[in-house]
Every structure is written in structure tokens, then in C-alpha cells.
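It should be emphasised that the depicted structure is a prediction, and the values quoted were computed from it without experimental measurement.
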Amino acid sequence: MSESRNPAHGPDEAPVRPELSDLRARLHATTDAGRPEAVARRRKTGQRTARENIEDLVDPGSFVEYGALALAAQRQRLSIEELVRASPADGIVCGIGSVNRAFFDDERARTMVLAYDYTVFAGTQGGMGHKKLDRMLALAAQWRVPVVLFAEGGGGRPNDTDMPLVAGLDTPSFLSFAALSGLVPRVGIVSGRCFAGNAALLGCCDVIIATEDSSIGMGGPAMIEGGGLGKYTPEEVGPIDVQSKNGVVDVRVRDEAAAVDVAKKYLGYFQGPIADFTCADQRVLRDALPERRRRAYKIRPIIETLADTGSVLELRREFGTSLVTALVRIEGRPFGLLANDPYRLAGAIDADASDKAARFMQLCDAFGLPIISLCDTPGFMVGPEAEKTALVRHTSRMFVTAASLRVPFFTVVLRKAYGLGAQAMAGGHLHAPFFTIAWPTAEFGGMGVEGAVRLAMRKQLDAIENPEEREVTFQAMVAHVYERGKAINTASFLELDAVIDPAETRAWILRGLKSVPTPARPEARRFVDTW
């Protein structure tokens, strides 16, 4: 104990030793309060600081920071005083804390946060920053800590002078972060500009949440121009309209506050069940489908009704639009959900939708989320234009992925279940899931009713010369095939497990979940494809 300490003084009034005073000053220089000019720059762009985002994400008082005293590797050309001012934490704030602790215990709430600071050399990746990042990623792998990455930044920093290197291509950070795939949930958040190395880390994440002002690209304007590919502004390189429609961005949000809200919600599905929930009156589902069997309807209200109120988080909404992928809860329990969208391609599954479904199944399987499939599809998309998209390879991803699933799979056929597309929506075939059930409106067949009749009965129909008589005969054949493919008749051949009152769908799903053991997570991870 210091002899200068006066026992009569309270803890806050006691004299402070010089070394503690020095520490406090250095740490203060890393805070927003110690950097008013940097904060002002963020206000001009309408964005928050890295530390404000972290404070919003983690539970109050839970965050502890690693490597706060790091400085840029530029001591050969800048003084320590200048580096303290210009490069706090070397531009990446790292630490551990808890997220959603109000709903989950300490073990489930633990989270690692990695936040690039755009006010430090435009969020570029410096030598010391990479060293700090590697330390954090090793801890995440060893202790299986979920990771949230705020990825805004300009990629590699070329002017660090202290690192003895030529190109720095032996940097292990990217491989280390990729190695977490399937081991722990990883959330990527970006606001503003995210290029090169920052974008490479972002692209490794399981889910990417991006704001309206985002620009994401594997090369920024300087790299593009340097490669002789033209001159562009940052806003022209991978803007949100491009990256959300092409499938790079999973969730598009207004701003950083909304991004953090989505990140918390997303992490919650992997943290476990919650006790409190409400849901809509399930009797609404009895009339959710139109009486005319070929009329389109909106699938999202059905999903919202089936799931707990407010629990639906849709991923990649603007990509592969004929299929919906969403995380949901039913009685507080988390699930992954696939659903065909009859408003897009009549629910047919094209190449993009196949990729979307396969990757989503991988995500659910990696972290133990049971999968619900709501099937209403005429099958895989066909035709010369569809084949130009490498359809054969992309659609087959659904079968290959389903064949290795360890989590329970539950299929509910709402209306159409035709061909190979329906088999894919059932995880391979109608007896592959723990159960395949159907609403009374469901219909089954090797292909669409009208197409099947035209194909199978072409000669008979062509032999009828009178067009009106031919049409009457055609419609009669369609009605016969439709009756044969109705859900009740299909169930009588035991091709599905039950036909149910739509209001009982939640009850079936819950009973199914309670009837299977919780899948054990093996030591060998299964990575989640970035695409």
C-alpha cells in the first residue's frame, strides 16, 4: 500500500499513483470522450462510433476490452504522442461481453465483439490490429464464443512501417476467421464503406446485416483505378441495392441502431428457447389460402401467423425471391423455416432459390436449429433460360445438403407439391422428414396437373378435331387427375403421414420437436458455405 494514501479519504478522494494516472490518460485517449474531433466526423455522416455500436449491442457493464493500448505499427515515422492521438487501439476495438442476458444465462449470452473504427485511418487493417484480431479469434475458437463483427473499413493499410514484410500475404486472420464457420455463430454488420480485407472478413460471416448507406466490395475505388478498371466513387462500388438483390446482404436495415437490434435478435435464436411468447389465433390459417387453386397468395402473413408474434427474422429477402428463408420461434423455441412464395415464379425453385435454401439448411444444421418447410411449389424452374443459370448444379445442392442434415426436418404441404422441387422442399422425398403433413388444400403429382394431362394425353386430345369438345375433354381429364392427387387420396396411399386441420399446424410441429432427441453437436465442425 502507498504510504501517501490517507485512510481518512474515500476511494475516489485518495491520491492517484503516477502509473495509474498514466494508464487512465492513455485509456481516456481511446474513448469517444477523449476524441471529440473523431466523434464530430461521425456525426457529419450520420453514423455512430465503434464504441457507441458496442455499447448498444452488449449488456450494460458487461464489456471488457482486449488490446486497448495497441498503437499503429508506425513508430519509425511517428512519435508515441502522435500515435496515441491518431491510432487508438490501432483501429479495431475488441472484447467480450454478454448479449441478451435478460433472456439467457451467462454461458448462452457470452459474445465476442470485433469493431473496426473508421475514424482511425479509415478503418484499415494494420499490423498490430491483425495481431490483436488473431488473439481474439484464437479465443473464440478455443472457447466457442459467438462473434459479432462491425466490418466498416478500407482493407489493408499500406503505410505501417514497423512490420518487416514485403506483401503481408502470410496474414492468418482471414483463415482463422473462416475456421470459425460452423463452430460459432458469426454476425457481420456494416454501415458505410467496407472494402478489400474488411469485406473478406464480412463475407465469411454467417449473416450480413447492412445499412442503407453501405458500399461493399472486394476492392475499393483506389484498387479499381489502380488496376486500370476505371474511376468510381465509393458509393458506386457495391451499393446496398446491388448487394441485397444479389444475395450478399442477408438483412437490409435503415441504420446502425436497427442493425444492432437485428444482431441481437439473430443471436437469440442460437442462444436458445425463451419462456414468454404470444401467437395469433391459429384458426385464421383455415382460410389463409384462396378457394381458387391457381390463385396466388401471400406467404408471409401465413408465416407470421404460424410463428410466435414478432419472432420472424427473414434472411436474403431480395434474393432468390421465389423462396422465403426465415428464423422463427414457436412457443419460444427457435426454428429455421423454408417456404415457397407463390407470388414469385408461382413458387417454382430457380437457381438462386436453390442456393438460398441449401445454404440456409447448412446454417440451421450447423447450430442445431430444427427446420420447418412450408411447401407450395410446381417444382424446379425449367426452360432454356433457366438452364443458362447452371440450374442442374444449383438445384442439386438442395438434395446434397438435405442428405447430411442432423437436425429434425418437418414438412407441411400447403397446396402444390409437384415433382423434384417438392421432393427437395421435403428434404429429399416425402418420407425423409420426421413427418410430412398436408393441409386439405394440398395436391400432389409428378408435375403440374395441366402439364401432366397435356403430356400424357396428347394423342387423345389431338385426335379430337372440335376445339370446344377438346377443351371439355381436357378439363375433365384435369379434374380427374386433380382428384387423384388431392391430399386425402394421397394420404390413403401412405405417401404422406397425415392431412390436418391447418389450425393444428403449430401443435404438430411442437409434438414433432418433442418426439426427437436434441442432436448432439460433434467435435468435428461442419462449415457453412458462404453462398
Taking all non-hydrogen atoms of both residues, which atom of Thr530 and which atom of Gly203 are closest, and how far apart? CG2-O, 3.6 Å
Just to verify, what does Lys245 make a side chain to side chain contact (heavy atoms under 4.5 Å, CB included) with, not counting sequence neighbours? Glu318
Side chains of Ile96 and Tyr66: closer than 4.5 Å at any heavy-atom pair? yes
So, are Arg252 and Glu212 salt-bridged, with charged N and O less than 4.0 Å apart? yes
Would you call Thr411 and Met425 a side-chain contact if the rule is heavy atoms closer than 4.5 Å? no
Anything under 3.5 Å between a donor and an acceptor, one on a side chain of residues 172-191, the other on a protein residue two or more places apart or in another chain? List them.
unit_1 : atom_1 : unit_2 : atom_2 : d
Ser173 : OG     : His130 : ND1    : 2.9
Ser173 : OG     : Asp134 : OD1    : 2.6
Ser176 : OG     : Pro172 : O      : 3.0
Ser181 : OG     : Val528 : N      : 2.8
Ser181 : OG     : Val528 : O      : 3.3
Arg186 : NH1    : Phe177 : O      : 3.0
Arg186 : NH1    : Cys204 : O      : 2.8
Arg186 : NH2    : Cys204 : O      : 2.5
Arg186 : NH2    : Asp206 : OD1    : 3.1
Ser191 : OG     : Gln47  : NE2    : 3.1
Ser191 : OG     : Thr211 : OG1    : 3.4
Ser191 : OG     : Asp213 : OD1    : 3.3

Using atom types as modelled, flag every donor-acceptor pair under 3.5 Å from a side chain in residues 19-29 to any protein atom, sequence neighbours excluded.
unit_1 : atom_1 : unit_2 : atom_2 : d
Glu19  : OE2    : Arg17  : NE     : 2.6
Glu19  : OE2    : Arg17  : NH2    : 2.5
Arg26  : NH2    : Leu69  : O      : 3.3

For Asp105, all residues meeting side-chain hydrogen bond (donor to acceptor under 3.5 Å, both in side chains), sequence neighbours excluded: none
Look at Asp355 together with Arg316 and state whether they make a salt bridge at an N to O cut-off of under 4.0 Å. no
I'd like to know if the side chain of Ser62 pairs up with that of Arg101 as donor and acceptor (distance under 3.5 Å, no hydrogens or angles considered). no
Ionic contact status for Asp32 with Arg42, cut-off 4.0 Å: no
For the residue pair Asp529 and Gln362, confirm or rule out a side-chain donor-acceptor distance under 3.5 Å. no
Side chain proximity check, Gln74 to Ser87, heavy atoms < 4.5 angstrom: no
Specify the closest pair of heavy atoms between Pro433 and Phe409, including all atoms of both residues, with the distance to one decimal. CB-O, 3.2 Å
With the threshold set at 4.0 Å, does a side-chain nitrogen-carboxylate oxygen contact exist between Arg43 and Glu52? yes
Does Arg51 come within less than 4.0 Å of Glu65, counting only side-chain N to carboxylate O? yes
Looking only at heavy atoms, which two atoms of Ala210 and Ile216 are closest? And how far apart? CB-CD1, 4.3 Å
In chain order, what residues pass the ring-ring contact (aromatic ring centres under 6.0 Å, His included) check against Tyr266, with sequence neighbours excluded? Phe270
Looking at every non-hydrogen atom in both residues, tell me the closest pair between Asp281 and Thr305 and how far apart they are. O-CG2, 4.0 Å
Is it true that Asp308 and Arg333 make a salt bridge, defined as a side-chain N closer than 4.0 Å to a carboxylate O? no
pair Arg329-Pro334: side-chain heavy atoms closer than 4.5 Å: yes
Please examine the side chains of Ile299 and Ile303, heavy atoms only from C-beta on, and report whether any two atoms are closer than 4.5 Å. yes
Output every pair passing ring-ring contact (aromatic ring centres under 6.0 Å, His included) with a member in residues 311-333, not counting sequence neighbours, ordered by first then second residue. Phe319-Trp531
Please examine the side chains of Leu133 and Tyr116, heavy atoms only from C-beta on, and report whether any two atoms are closer than 4.5 Å. yes
